[in-house]
Student: 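Below you will find the structure I want to go over with you.
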Number of protein chains: 2
Amino acid sequence: MGMATTNPATRDRILEHGLDLLSAVGLSGVTLGVLAADVGMSKSGLFAHFRSKEAVQLALLRQMAQLANAVVVAPALEQPPGLARLTTLVENWLGWSRKAGLRGGCPVAAALFELDDIDGDVRAEVVAMEGRWRELLKALVCEAVASRELSVDLDVDQFVWELCGIYLSHHASSRFLRDPGADRRALTAFEALLRRAQGPWPRGPSPPLSAPEEQ
Amino acid sequence: MGMATTNPATRDRILEHGLDLLSAVGLSGVTLGVLAADVGMSKSGLFAHFRSKEAVQLALLRQMAQLANAVVVAPALEQPPGLARLTTLVENWLGWSRKAGLRGGCPVAAALFELDDIDGDVRAEVVAMEGRWRELLKALVCEAVASRELSVDLDVDQFVWELCGIYLSHHASSRFLRDPGADRRALTAFEALLRRAQGPWPRGPSPPLSAPEEQ
DNA sequence: ATTAAGTACGACCGGTCGTACTATTTGCCA
DNA sequence: TGGCAAATAGTACGACCGGTCGTACTTAAT
(Lines give C-alpha, C1' and ligand atoms only; values in the text may rest on other atoms or scores of the structure.)
Protein backbone atom coordinates (compact mmCIF):
# COMPACT_ATOMS: atom_id res chain seq x y z
CA MET A 1 0.00 0.00 0.00
CA GLY A 2 1.64 2.96 -1.08
CA MET A 3 2.37 6.18 0.30
CA ALA A 4 3.38 8.34 -2.46
CA THR A 5 5.13 11.49 -3.25
CA THR A 6 5.04 13.57 -0.15
CA ASN A 7 2.32 12.40 2.14
CA PRO A 8 3.09 13.69 5.61
CA ALA A 9 5.22 16.52 4.37
CA THR A 10 2.48 18.09 2.32
CA ARG A 11 -0.09 17.70 5.02
CA ASP A 12 2.23 19.30 7.50
CA ARG A 13 2.91 22.10 5.08
CA ILE A 14 -0.82 22.68 4.73
CA LEU A 15 -1.31 22.77 8.48
CA GLU A 16 1.67 25.04 8.96
CA HIS A 17 0.41 27.61 6.49
CA GLY A 18 -3.14 27.05 7.66
CA LEU A 19 -2.30 27.77 11.28
CA ASP A 20 -0.68 31.02 10.33
CA LEU A 21 -3.72 31.89 8.25
CA LEU A 22 -6.06 30.85 11.03
CA SER A 23 -4.37 33.10 13.54
CA ALA A 24 -4.79 36.06 11.20
CA VAL A 25 -8.31 35.65 9.85
CA GLY A 26 -10.08 33.35 12.29
CA LEU A 27 -11.92 30.12 11.74
CA SER A 28 -14.48 31.55 9.36
CA GLY A 29 -11.76 33.14 7.27
CA VAL A 30 -9.92 29.93 6.51
CA THR A 31 -11.53 28.76 3.27
CA LEU A 32 -10.30 25.86 1.20
CA GLY A 33 -9.58 28.09 -1.77
CA VAL A 34 -7.60 30.67 0.14
CA LEU A 35 -5.66 28.05 2.06
CA ALA A 36 -4.86 26.12 -1.12
CA ALA A 37 -3.63 29.25 -2.83
CA ASP A 38 -1.54 30.08 0.21
CA VAL A 39 0.06 26.66 0.22
CA GLY A 40 0.50 26.79 -3.53
CA MET A 41 -1.61 23.88 -4.62
CA SER A 42 -5.04 23.24 -6.05
CA LYS A 43 -8.13 23.26 -3.95
CA SER A 44 -8.99 19.68 -4.81
CA GLY A 45 -5.45 18.54 -4.19
CA LEU A 46 -5.61 20.02 -0.73
CA PHE A 47 -9.07 18.65 -0.19
CA ALA A 48 -7.80 15.10 -0.80
CA HIS A 49 -5.87 15.29 2.46
CA PHE A 50 -9.00 15.97 4.47
CA ARG A 51 -12.48 14.80 3.76
CA SER A 52 -14.24 18.00 4.69
CA LYS A 53 -13.64 21.57 5.67
CA GLU A 54 -14.56 20.70 9.21
CA ALA A 55 -11.75 18.16 9.25
CA VAL A 56 -9.38 20.93 8.20
CA GLN A 57 -10.57 23.13 11.02
CA LEU A 58 -10.21 20.36 13.59
CA ALA A 59 -6.74 19.49 12.33
CA LEU A 60 -5.74 23.14 12.53
CA LEU A 61 -6.97 23.40 16.11
CA ARG A 62 -4.99 20.32 17.10
CA GLN A 63 -1.97 21.69 15.29
CA MET A 64 -2.34 24.85 17.34
CA ALA A 65 -2.57 22.90 20.58
CA GLN A 66 0.61 21.09 19.67
CA LEU A 67 2.45 24.30 18.90
CA ALA A 68 1.23 25.96 22.07
CA ASN A 69 2.33 22.97 24.04
CA ALA A 70 5.82 23.23 22.60
CA VAL A 71 6.34 26.96 23.00
CA VAL A 72 4.29 27.69 26.11
CA VAL A 73 3.93 24.60 28.25
CA ALA A 74 7.13 22.67 27.67
CA PRO A 75 9.52 25.43 28.78
CA ALA A 76 7.44 25.98 31.89
CA LEU A 77 7.61 22.32 32.82
CA GLU A 78 11.37 22.62 32.95
CA GLN A 79 10.96 24.88 35.95
CA PRO A 80 10.47 23.36 39.36
CA PRO A 81 6.84 23.00 40.42
CA GLY A 82 5.46 26.02 42.18
CA LEU A 83 5.52 29.73 41.59
CA ALA A 84 8.51 29.58 39.27
CA ARG A 85 6.75 27.18 36.95
CA LEU A 86 3.50 29.11 37.07
CA THR A 87 5.04 32.49 36.33
CA THR A 88 7.12 31.03 33.52
CA LEU A 89 3.97 29.63 31.96
CA VAL A 90 2.15 32.93 32.21
CA GLU A 91 5.06 34.84 30.73
CA ASN A 92 5.19 32.45 27.80
CA TRP A 93 1.42 32.42 27.45
CA LEU A 94 0.95 36.15 27.02
CA GLY A 95 1.37 36.93 23.34
CA TRP A 96 2.49 33.41 22.60
CA SER A 97 1.23 33.38 19.03
CA ARG A 98 3.58 36.13 18.00
CA LYS A 99 6.51 34.52 19.73
CA ALA A 100 5.65 31.29 17.92
CA GLY A 101 5.95 33.05 14.59
CA LEU A 102 2.27 33.31 13.77
CA ARG A 103 1.20 36.51 12.12
CA GLY A 104 -2.08 36.79 14.03
CA GLY A 105 -3.48 36.23 17.48
CA CYS A 106 -4.47 33.20 19.49
CA PRO A 107 -7.00 31.15 17.52
CA VAL A 108 -8.66 29.78 20.63
CA ALA A 109 -9.19 33.23 22.09
CA ALA A 110 -10.84 34.26 18.85
CA ALA A 111 -12.93 31.10 18.71
CA LEU A 112 -14.13 31.75 22.25
CA PHE A 113 -16.03 34.75 20.94
CA GLU A 114 -16.70 33.54 17.40
CA LEU A 115 -18.40 30.28 18.32
CA ASP A 116 -20.49 31.64 21.16
CA ASP A 117 -23.70 30.37 19.70
CA ILE A 118 -22.61 28.21 16.79
CA ASP A 119 -22.89 24.59 17.82
CA GLY A 120 -21.11 21.73 16.14
CA ASP A 121 -18.01 19.58 16.29
CA VAL A 122 -15.65 22.51 15.97
CA ARG A 123 -17.19 24.27 18.93
CA ALA A 124 -17.05 21.07 20.94
CA GLU A 125 -13.37 20.71 20.17
CA VAL A 126 -12.63 24.25 21.28
CA VAL A 127 -14.63 23.68 24.46
CA ALA A 128 -12.56 20.59 25.17
CA MET A 129 -9.29 22.36 24.45
CA GLU A 130 -10.19 25.30 26.66
CA GLY A 131 -11.22 22.90 29.41
CA ARG A 132 -7.93 21.07 29.22
CA TRP A 133 -6.05 24.35 29.28
CA ARG A 134 -7.81 25.55 32.39
CA GLU A 135 -7.14 22.22 34.04
CA LEU A 136 -3.46 22.69 33.31
CA LEU A 137 -3.53 26.16 34.80
CA LYS A 138 -5.31 24.81 37.83
CA ALA A 139 -2.76 22.06 38.28
CA LEU A 140 0.13 24.52 38.23
CA VAL A 141 -1.62 26.78 40.70
CA CYS A 142 -2.21 23.80 42.96
CA GLU A 143 1.48 23.01 42.80
CA ALA A 144 2.22 26.50 44.04
CA VAL A 145 -0.24 25.95 46.86
CA ALA A 146 1.39 22.64 47.70
CA SER A 147 4.78 24.33 47.88
CA ARG A 148 3.26 26.92 50.23
CA GLU A 149 4.09 29.72 47.84
CA LEU A 150 0.38 30.42 47.55
CA SER A 151 -2.10 30.32 50.39
CA VAL A 152 -3.79 27.05 51.21
CA ASP A 153 -7.02 29.04 51.49
CA LEU A 154 -6.78 30.14 47.88
CA ASP A 155 -9.83 29.66 45.69
CA VAL A 156 -7.94 28.02 42.86
CA ASP A 157 -10.79 28.10 40.35
CA GLN A 158 -11.31 31.79 40.99
CA PHE A 159 -7.60 32.37 40.50
CA VAL A 160 -7.63 30.59 37.18
CA TRP A 161 -10.76 32.46 36.11
CA GLU A 162 -9.16 35.81 36.80
CA LEU A 163 -5.93 34.76 35.16
CA CYS A 164 -7.87 33.99 32.00
CA GLY A 165 -9.31 37.49 32.22
CA ILE A 166 -5.81 38.91 32.29
CA TYR A 167 -4.93 36.89 29.21
CA LEU A 168 -8.02 38.03 27.32
CA SER A 169 -7.55 41.65 28.29
CA HIS A 170 -3.94 41.44 27.19
CA HIS A 171 -5.00 39.92 23.89
CA ALA A 172 -7.56 42.65 23.28
CA SER A 173 -5.30 45.52 24.24
CA SER A 174 -2.17 44.29 22.52
CA ARG A 175 -3.64 42.87 19.33
CA PHE A 176 -6.79 44.90 18.76
CA LEU A 177 -6.09 48.22 20.43
CA ARG A 178 -2.39 47.81 19.72
CA ASP A 179 -1.47 49.34 23.03
CA PRO A 180 2.28 49.04 23.56
CA GLY A 181 1.72 49.01 27.31
CA ALA A 182 -0.27 45.80 27.22
CA ASP A 183 2.58 43.62 28.46
CA ARG A 184 3.20 45.84 31.43
CA ARG A 185 -0.49 46.06 32.30
CA ALA A 186 -0.81 42.29 32.20
CA LEU A 187 2.26 41.78 34.33
CA THR A 188 1.06 44.28 36.89
CA ALA A 189 -2.31 42.56 37.06
CA PHE A 190 -0.69 39.17 37.45
CA GLU A 191 1.52 40.37 40.26
CA ALA A 192 -1.49 41.78 42.04
CA LEU A 193 -3.33 38.51 41.57
CA LEU A 194 -0.36 36.63 43.02
CA ARG A 195 -0.10 38.95 45.98
CA ARG A 196 -3.72 38.44 46.78
CA ALA A 197 -3.22 34.68 46.50
CA GLN A 198 -0.25 34.65 48.79
CA GLY A 199 -2.26 35.28 51.84
CA PRO A 200 -5.74 36.42 52.64
CA TRP A 201 -4.31 38.21 55.50
CA PRO A 202 -1.35 40.38 55.32
CA ARG A 203 2.18 39.83 55.85
CA GLY A 204 5.00 42.19 56.12
CA PRO A 205 6.47 43.76 53.07
CA SER A 206 5.10 42.39 49.88
CA PRO A 207 7.77 40.24 48.35
CA PRO A 208 8.78 41.54 44.93
CA LEU A 209 8.58 38.19 43.32
CA SER A 210 8.26 37.93 39.63
CA ALA A 211 11.50 39.32 38.39
CA PRO A 212 11.80 42.25 36.05
CA GLU A 213 12.01 40.51 32.71
CA GLU A 214 9.60 41.08 29.92
CA GLN A 215 10.75 43.41 27.24
CA MET B 1 -52.25 46.02 3.26
CA GLY B 2 -49.59 48.11 1.99
CA MET B 3 -48.98 50.40 4.78
CA ALA B 4 -45.69 51.06 3.50
CA THR B 5 -44.28 53.03 6.25
CA THR B 6 -41.83 55.43 4.91
CA ASN B 7 -38.14 55.11 4.99
CA PRO B 8 -37.02 55.38 8.60
CA ALA B 9 -39.42 52.81 10.02
CA THR B 10 -38.23 50.06 7.72
CA ARG B 11 -34.64 51.01 8.27
CA ASP B 12 -35.14 50.78 12.02
CA ARG B 13 -36.78 47.41 11.61
CA ILE B 14 -33.78 46.20 9.63
CA LEU B 15 -31.37 47.44 12.27
CA GLU B 16 -33.40 45.91 15.06
CA HIS B 17 -33.39 42.46 13.50
CA GLY B 18 -29.83 42.95 12.32
CA LEU B 19 -28.53 43.71 15.80
CA ASP B 20 -30.06 40.54 17.14
CA LEU B 21 -28.52 38.63 14.26
CA LEU B 22 -25.16 40.32 14.77
CA SER B 23 -25.02 39.35 18.41
CA ALA B 24 -25.60 35.73 17.49
CA VAL B 25 -23.39 35.22 14.45
CA GLY B 26 -20.85 38.01 14.54
CA LEU B 27 -19.94 40.59 11.95
CA SER B 28 -18.88 38.11 9.31
CA GLY B 29 -22.11 36.18 9.75
CA VAL B 30 -24.43 39.05 8.95
CA THR B 31 -24.96 38.73 5.21
CA LEU B 32 -27.43 40.76 3.20
CA GLY B 33 -29.38 37.69 2.13
CA VAL B 34 -29.77 36.27 5.62
CA LEU B 35 -30.62 39.65 7.10
CA ALA B 36 -33.20 40.35 4.40
CA ALA B 37 -34.84 36.98 4.95
CA ASP B 38 -34.87 37.61 8.68
CA VAL B 39 -36.55 40.97 8.22
CA GLY B 40 -38.92 39.54 5.65
CA MET B 41 -37.99 41.52 2.59
CA SER B 42 -35.94 41.10 -0.52
CA LYS B 43 -32.21 41.43 -0.57
CA SER B 44 -32.30 44.28 -3.05
CA GLY B 45 -35.06 46.04 -1.16
CA LEU B 46 -32.92 45.98 1.93
CA PHE B 47 -29.82 46.94 0.03
CA ALA B 48 -31.53 50.12 -1.18
CA HIS B 49 -31.48 51.46 2.37
CA PHE B 50 -27.71 51.26 2.58
CA ARG B 51 -25.28 51.67 -0.24
CA SER B 52 -22.99 48.86 0.77
CA LYS B 53 -22.60 46.03 3.22
CA GLU B 54 -20.04 48.02 5.11
CA ALA B 55 -22.66 50.72 5.66
CA VAL B 56 -24.93 48.06 7.15
CA GLN B 57 -22.18 46.93 9.51
CA LEU B 58 -21.41 50.45 10.63
CA ALA B 59 -25.09 51.20 11.17
CA LEU B 60 -25.45 48.03 13.22
CA LEU B 61 -22.49 48.95 15.41
CA ARG B 62 -23.97 52.38 16.07
CA GLN B 63 -27.32 50.80 16.78
CA MET B 64 -25.59 48.60 19.33
CA ALA B 65 -23.88 51.55 20.97
CA GLN B 66 -27.23 53.26 21.28
CA LEU B 67 -28.85 50.21 22.85
CA ALA B 68 -25.98 49.69 25.25
CA ASN B 69 -26.18 53.30 26.23
CA ALA B 70 -29.84 52.93 27.07
CA VAL B 71 -29.68 49.68 29.02
CA VAL B 72 -26.22 49.91 30.60
CA VAL B 73 -25.11 53.49 30.91
CA ALA B 74 -28.32 55.43 31.45
CA PRO B 75 -29.43 53.53 34.58
CA ALA B 76 -25.98 53.92 36.07
CA LEU B 77 -26.02 57.66 35.54
CA GLU B 78 -29.09 57.85 37.73
CA GLN B 79 -26.91 56.80 40.63
CA PRO B 80 -24.86 59.40 42.44
CA PRO B 81 -21.29 59.72 41.22
CA GLY B 82 -18.87 57.41 42.95
CA LEU B 83 -18.83 53.78 43.88
CA ALA B 84 -22.60 53.40 43.62
CA ARG B 85 -22.61 54.57 40.03
CA LEU B 86 -19.59 52.46 39.12
CA THR B 87 -20.92 49.24 40.60
CA THR B 88 -24.31 49.81 39.00
CA LEU B 89 -22.64 50.19 35.64
CA VAL B 90 -20.61 47.03 36.09
CA GLU B 91 -23.64 45.04 37.17
CA ASN B 92 -25.56 46.22 34.13
CA TRP B 93 -22.58 45.69 31.86
CA LEU B 94 -22.00 42.02 32.64
CA GLY B 95 -24.23 40.02 30.35
CA TRP B 96 -25.95 43.15 29.07
CA SER B 97 -26.77 41.73 25.66
CA ARG B 98 -29.02 39.07 27.12
CA LYS B 99 -30.73 41.53 29.40
CA ALA B 100 -31.30 43.76 26.38
CA GLY B 101 -33.15 40.96 24.64
CA LEU B 102 -30.46 40.00 22.17
CA ARG B 103 -30.09 36.32 21.52
CA GLY B 104 -26.29 36.38 21.35
CA GLY B 105 -23.33 37.99 23.04
CA CYS B 106 -21.77 41.42 22.95
CA PRO B 107 -20.90 42.31 19.34
CA VAL B 108 -18.00 44.52 20.34
CA ALA B 109 -16.41 41.81 22.45
CA ALA B 110 -16.61 39.49 19.47
CA ALA B 111 -15.27 42.13 17.10
CA LEU B 112 -12.32 42.68 19.43
CA PHE B 113 -11.08 39.23 18.52
CA GLU B 114 -12.51 38.97 15.02
CA LEU B 115 -10.97 42.14 13.63
CA ASP B 116 -7.55 41.68 15.20
CA ASP B 117 -5.76 41.97 11.92
CA ILE B 118 -8.46 43.00 9.46
CA ASP B 119 -8.05 46.68 8.77
CA GLY B 120 -10.74 48.91 7.37
CA ASP B 121 -13.50 51.29 8.31
CA VAL B 122 -15.34 48.73 10.41
CA ARG B 123 -12.29 48.01 12.51
CA ALA B 124 -11.71 51.74 12.94
CA GLU B 125 -15.25 52.20 14.15
CA VAL B 126 -14.90 49.42 16.71
CA VAL B 127 -11.61 50.88 17.88
CA ALA B 128 -13.30 54.23 18.37
CA MET B 129 -16.24 52.69 20.20
CA GLU B 130 -14.00 50.69 22.49
CA GLY B 131 -11.94 53.78 23.18
CA ARG B 132 -15.00 55.79 24.11
CA TRP B 133 -16.20 52.97 26.34
CA ARG B 134 -12.94 52.81 28.26
CA GLU B 135 -12.99 56.55 28.64
CA LEU B 136 -16.42 56.27 30.20
CA LEU B 137 -15.19 53.59 32.58
CA LYS B 138 -12.24 55.74 33.46
CA ALA B 139 -14.45 58.74 34.14
CA LEU B 140 -16.65 56.76 36.53
CA VAL B 141 -13.62 55.38 38.33
CA CYS B 142 -12.24 58.88 38.65
CA GLU B 143 -15.52 59.97 40.20
CA ALA B 144 -15.11 57.27 42.82
CA VAL B 145 -11.61 58.53 43.49
CA ALA B 146 -12.90 62.08 43.79
CA SER B 147 -15.46 60.97 46.32
CA ARG B 148 -12.67 59.26 48.26
CA GLU B 149 -14.31 55.89 47.91
CA LEU B 150 -11.27 54.73 45.98
CA SER B 151 -7.69 55.57 46.80
CA VAL B 152 -6.18 58.71 45.34
CA ASP B 153 -3.10 56.62 44.59
CA LEU B 154 -5.11 54.33 42.35
CA ASP B 155 -3.74 53.63 38.88
CA VAL B 156 -7.01 54.33 37.11
CA ASP B 157 -5.93 53.03 33.72
CA GLN B 158 -4.75 49.80 35.28
CA PHE B 159 -8.07 49.49 37.10
CA VAL B 160 -10.00 49.91 33.87
CA TRP B 161 -7.72 47.46 32.09
CA GLU B 162 -8.33 44.77 34.68
CA LEU B 163 -12.04 45.51 34.76
CA CYS B 164 -12.18 44.87 31.04
CA GLY B 165 -10.47 41.56 31.72
CA ILE B 166 -13.22 40.65 34.14
CA TYR B 167 -15.80 41.50 31.51
CA LEU B 168 -14.09 39.41 28.85
CA SER B 169 -13.57 36.47 31.16
CA HIS B 170 -17.22 36.66 32.16
CA HIS B 171 -18.24 36.74 28.52
CA ALA B 172 -16.12 33.72 27.69
CA SER B 173 -17.19 31.66 30.68
CA SER B 174 -20.88 32.51 30.56
CA ARG B 175 -21.48 32.50 26.82
CA PHE B 176 -18.90 30.07 25.46
CA LEU B 177 -18.24 27.69 28.33
CA ARG B 178 -21.78 28.22 29.58
CA ASP B 179 -20.62 28.11 33.17
CA PRO B 180 -23.54 28.99 35.45
CA GLY B 181 -21.10 30.31 38.01
CA ALA B 182 -19.81 33.04 35.72
CA ASP B 183 -21.78 35.81 37.41
CA ARG B 184 -20.47 34.89 40.82
CA ARG B 185 -16.88 34.63 39.58
CA ALA B 186 -17.09 38.04 37.96
CA LEU B 187 -18.60 39.63 41.01
CA THR B 188 -15.97 38.12 43.26
CA ALA B 189 -13.23 39.39 40.98
CA PHE B 190 -14.76 42.85 40.88
CA GLU B 191 -15.01 43.01 44.65
CA ALA B 192 -11.37 42.02 44.95
CA LEU B 193 -10.43 44.67 42.42
CA LEU B 194 -12.37 47.26 44.41
CA ARG B 195 -10.76 46.23 47.66
CA ARG B 196 -7.34 46.60 46.16
CA ALA B 197 -8.34 50.01 44.82
CA GLN B 198 -9.58 51.21 48.15
CA GLY B 199 -6.16 51.46 49.62
CA PRO B 200 -2.66 50.62 48.55
CA TRP B 201 -1.97 49.01 51.83
CA PRO B 202 -5.07 49.22 53.91
CA ARG B 203 -6.04 45.81 55.04
CA GLY B 204 -6.65 46.36 58.69
CA PRO B 205 -8.46 43.45 60.19
CA SER B 206 -8.65 40.60 57.77
CA PRO B 207 -11.86 41.42 56.07
CA PRO B 208 -14.20 38.50 55.67
CA LEU B 209 -13.61 38.15 52.00
CA SER B 210 -16.66 38.81 49.95
CA ALA B 211 -19.71 39.76 51.85
CA PRO B 212 -22.74 37.63 51.31
CA GLU B 213 -24.18 40.11 48.86
CA GLU B 214 -24.75 39.21 45.23
CA GLN B 215 -28.04 39.24 43.56
C1' DA C 1 4.79 -6.52 -14.87
C1' DT C 2 0.67 -5.84 -12.81
C1' DT C 3 -1.97 -3.93 -9.51
C1' DA C 4 -3.45 -0.92 -6.01
C1' DA C 5 -3.08 3.05 -3.27
C1' DG C 6 -1.73 7.82 -2.65
C1' DT C 7 -1.35 12.37 -4.49
C1' DA C 8 -2.39 16.16 -7.29
C1' DC C 9 -4.67 18.52 -11.00
C1' DG C 10 -8.35 21.17 -13.73
C1' DA C 11 -13.08 21.38 -14.72
C1' DC C 12 -17.22 21.72 -12.84
C1' DC C 13 -21.58 21.32 -9.65
C1' DG C 14 -25.34 23.99 -7.09
C1' DG C 15 -25.45 27.78 -4.05
C1' DT C 16 -24.55 32.25 -1.85
C1' DC C 17 -21.95 36.36 -1.66
C1' DG C 18 -22.14 41.70 -2.60
C1' DT C 19 -23.75 44.82 -5.88
C1' DA C 20 -25.47 46.76 -9.86
C1' DC C 21 -29.48 47.94 -13.02
C1' DT C 22 -34.56 47.66 -14.08
C1' DA C 23 -39.62 46.97 -12.88
C1' DT C 24 -43.27 47.30 -10.17
C1' DT C 25 -45.81 48.68 -6.51
C1' DT C 26 -47.15 52.13 -3.03
C1' DG C 27 -48.72 56.54 -0.60
C1' DC C 28 -49.57 61.14 -1.19
C1' DC C 29 -51.04 65.23 -3.34
C1' DA C 30 -52.93 67.96 -7.16
C1' DT D 1 -58.58 60.51 -10.50
C1' DG D 2 -54.22 61.01 -12.43
C1' DG D 3 -49.65 61.44 -11.79
C1' DC D 4 -45.30 61.26 -9.31
C1' DA D 5 -41.56 60.16 -6.34
C1' DA D 6 -40.22 57.06 -3.08
C1' DA D 7 -39.93 52.38 -1.57
C1' DT D 8 -39.66 47.72 -2.59
C1' DA D 9 -39.15 43.73 -5.67
C1' DG D 10 -37.06 41.44 -9.60
C1' DT D 11 -33.26 40.11 -12.30
C1' DA D 12 -28.67 39.58 -13.60
C1' DC D 13 -23.65 39.69 -12.93
C1' DG D 14 -19.10 37.91 -11.55
C1' DA D 15 -16.69 36.06 -7.75
C1' DC D 16 -16.22 32.75 -4.47
C1' DC D 17 -18.03 29.03 -1.41
C1' DG D 18 -17.59 23.70 -0.09
C1' DG D 19 -17.41 19.73 -2.59
C1' DT D 20 -17.23 16.04 -6.60
C1' DC D 21 -15.56 14.12 -10.71
C1' DG D 22 -12.44 12.16 -14.05
C1' DT D 23 -7.78 11.77 -14.91
C1' DA D 24 -2.83 11.36 -14.75
C1' DC D 25 1.41 10.44 -12.39
C1' DT D 26 4.15 8.30 -8.63
C1' DT D 27 5.19 4.88 -5.58
C1' DA D 28 4.87 0.30 -3.10
C1' DA D 29 3.46 -4.37 -2.78
C1' DT D 30 2.37 -8.39 -5.30
Side-chain angles (χ1 to χ4, degrees), chain A residues 1-19 21-22 24-61 63 107 111 114-115 118-123 125, chain B residues 1-19 21-22 24-61 111 114-115 118-123 125:
Chain A
M1 333 253 201
M3 300 264 233
T5 55
T6 53
N7 185 359
T10 303
R11 192 188 153 101
D12 283 355
R13 200 156 50 91
I14 293 171
L15 293 180
E16 210 167 310
H17 285 225
L19 183 52
L21 187 61
L22 172 62
V25 300
L27 273 169
S28 72
V30 179
T31 71
L32 298 181
V34 169
L35 178 52
D38 193 50
V39 176
M41 63 188 301
S42 71
K43 198 170 60 162
S44 53
L46 183 149
F47 189 78
H49 286 270
F50 313 86
R51 294 185 307 152
S52 69
K53 185 195 179 179
E54 198 176 72
V56 175
Q57 295 177 319
L58 293 174
L60 285 176
L61 286 172
Q63 176 84 356
E114 186 178 352
L115 302 181
I118 291 110
D119 291 307
D121 290 344
V122 176
R123 185 188 201 280
E125 175 69 21
Chain B
M1 343 232 119
M3 38 302 281
T5 69
T6 54
N7 198 350
T10 302
R11 191 188 154 100
D12 283 354
R13 200 157 51 92
I14 293 172
L15 292 180
E16 211 167 309
H17 285 237
L19 183 52
L21 186 62
L22 172 62
V25 300
L27 273 169
S28 71
V30 179
T31 71
L32 298 181
V34 170
L35 179 52
D38 193 49
V39 176
M41 66 188 299
S42 71
K43 195 167 67 158
S44 55
L46 184 149
F47 186 77
H49 285 270
F50 312 86
R51 294 185 310 148
S52 69
K53 185 194 180 179
E54 197 176 74
V56 176
Q57 295 177 319
L58 293 174
L60 285 176
L61 286 172
E114 185 178 351
L115 302 181
I118 291 110
D119 291 307
D121 291 344
V122 177
R123 184 187 200 280
E125 176 68 22

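Every chain is numbered from 1, with letters handed out A, B, ... down the list of sequences. Note: hydrogens, waters and symmetry copies are ignored here, and every other heavy atom, side chains too, is used.
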Student: Just jot down the side chain to side chain contact (heavy atoms under 4.5 Å, CB included) partners of S42(B), sequence neighbours excluded, or say none.
Tutor: S44(B)

Student: Out of curiosity, L19(A) CG to D12(A) CG, how far, rounded to the nearest 0.5 Å?
Tutor: 12.0 Å

Student: Of the residues in residues 51-60 of chain B, which ones touch DNA chain D at a heavy-atom distance under 4.0 Å?
Tutor: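 Result for residues 51-60 of chain B: none.
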
Student: Just so I know, are the side chains of L115(A) and I118(A) near enough to count as touching, which here means a heavy-atom distance under 4.5 Å?
Tutor: yes

Student: Enumerate all atom pairs, one protein N or O and one N or O from nucleotides 9-12 of chain C, separated by less than 3.5 Å.
Tutor:
residue, atom, partner, partner atom, Å
dC9(C), OP2, S42(A), N, 2.8
dC9(C), OP2, S42(A), OG, 3.0
dG10(C), N7, S44(A), OG, 3.1
dG10(C), O6, S44(A), OG, 2.5

Student: I need the CG-P distance between L35(A) and dC17(D), as an integer number of Å.
Tutor: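 It works out to 11 Å between those atoms.
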
Student: Under the side chain to side chain contact (heavy atoms under 4.5 Å, CB included) rule, collect the residues that match up with A37(A), sequence neighbours excluded.
Tutor: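 Counting only residues at least two positions away or on another chain, A37(A) forms no side chain to side chain contact (heavy atoms under 4.5 Å, CB included).
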
Student: I'd like to check F50(B) versus L15(B) (side-chain heavy atoms, cut-off strictly below 4.5 Å). Are they in contact?
Tutor: yes

Student: Which heavy atom of T10(A) sits nearest to which heavy atom of H49(A), and what is that distance?
Tutor: CG2-NE2, 3.7 Å

Student: Mind checking what makes side chain to side chain donor-acceptor pair (under 3.5 Å) contact with Q57(B), not counting sequence neighbours?
Tutor: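 Testing Q57(B) for side chain to side chain donor-acceptor pair (under 3.5 Å), a comparison that skips the adjacent residues, returns none.
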
Student: Measure from the side chain of L32(B), starting at C-beta and using heavy atoms only, and say which of dT20(D), dG18(C), dT8(D) lies closest.
Tutor: dG18(C)

Student: Measure CZ/F47(A) against C1'/dC17(D) and give the value in whole Å, please.
Tutor: 12 Å

Student: Return the value, rounded to whole Å, for the distance between atom CZ of F50(B) and atom C1' of dA7(D).
Tutor: 14 Å

Student: For dA8(C), does either OP1 or OP2 sit under 4.0 Å from a side-chain N or O belonging to H49(A)?
Tutor: yes

Student: Output the single nucleotide from dT8(D), dG18(D), dT20(D) whose closest atom is nearest the side chain of T31(A).
Tutor: dG18(D)

Student: In chain order, what residues pass the side chain to side chain contact (heavy atoms under 4.5 Å, CB included) check against D121(B), with sequence neighbours excluded?
Tutor: E54(B)

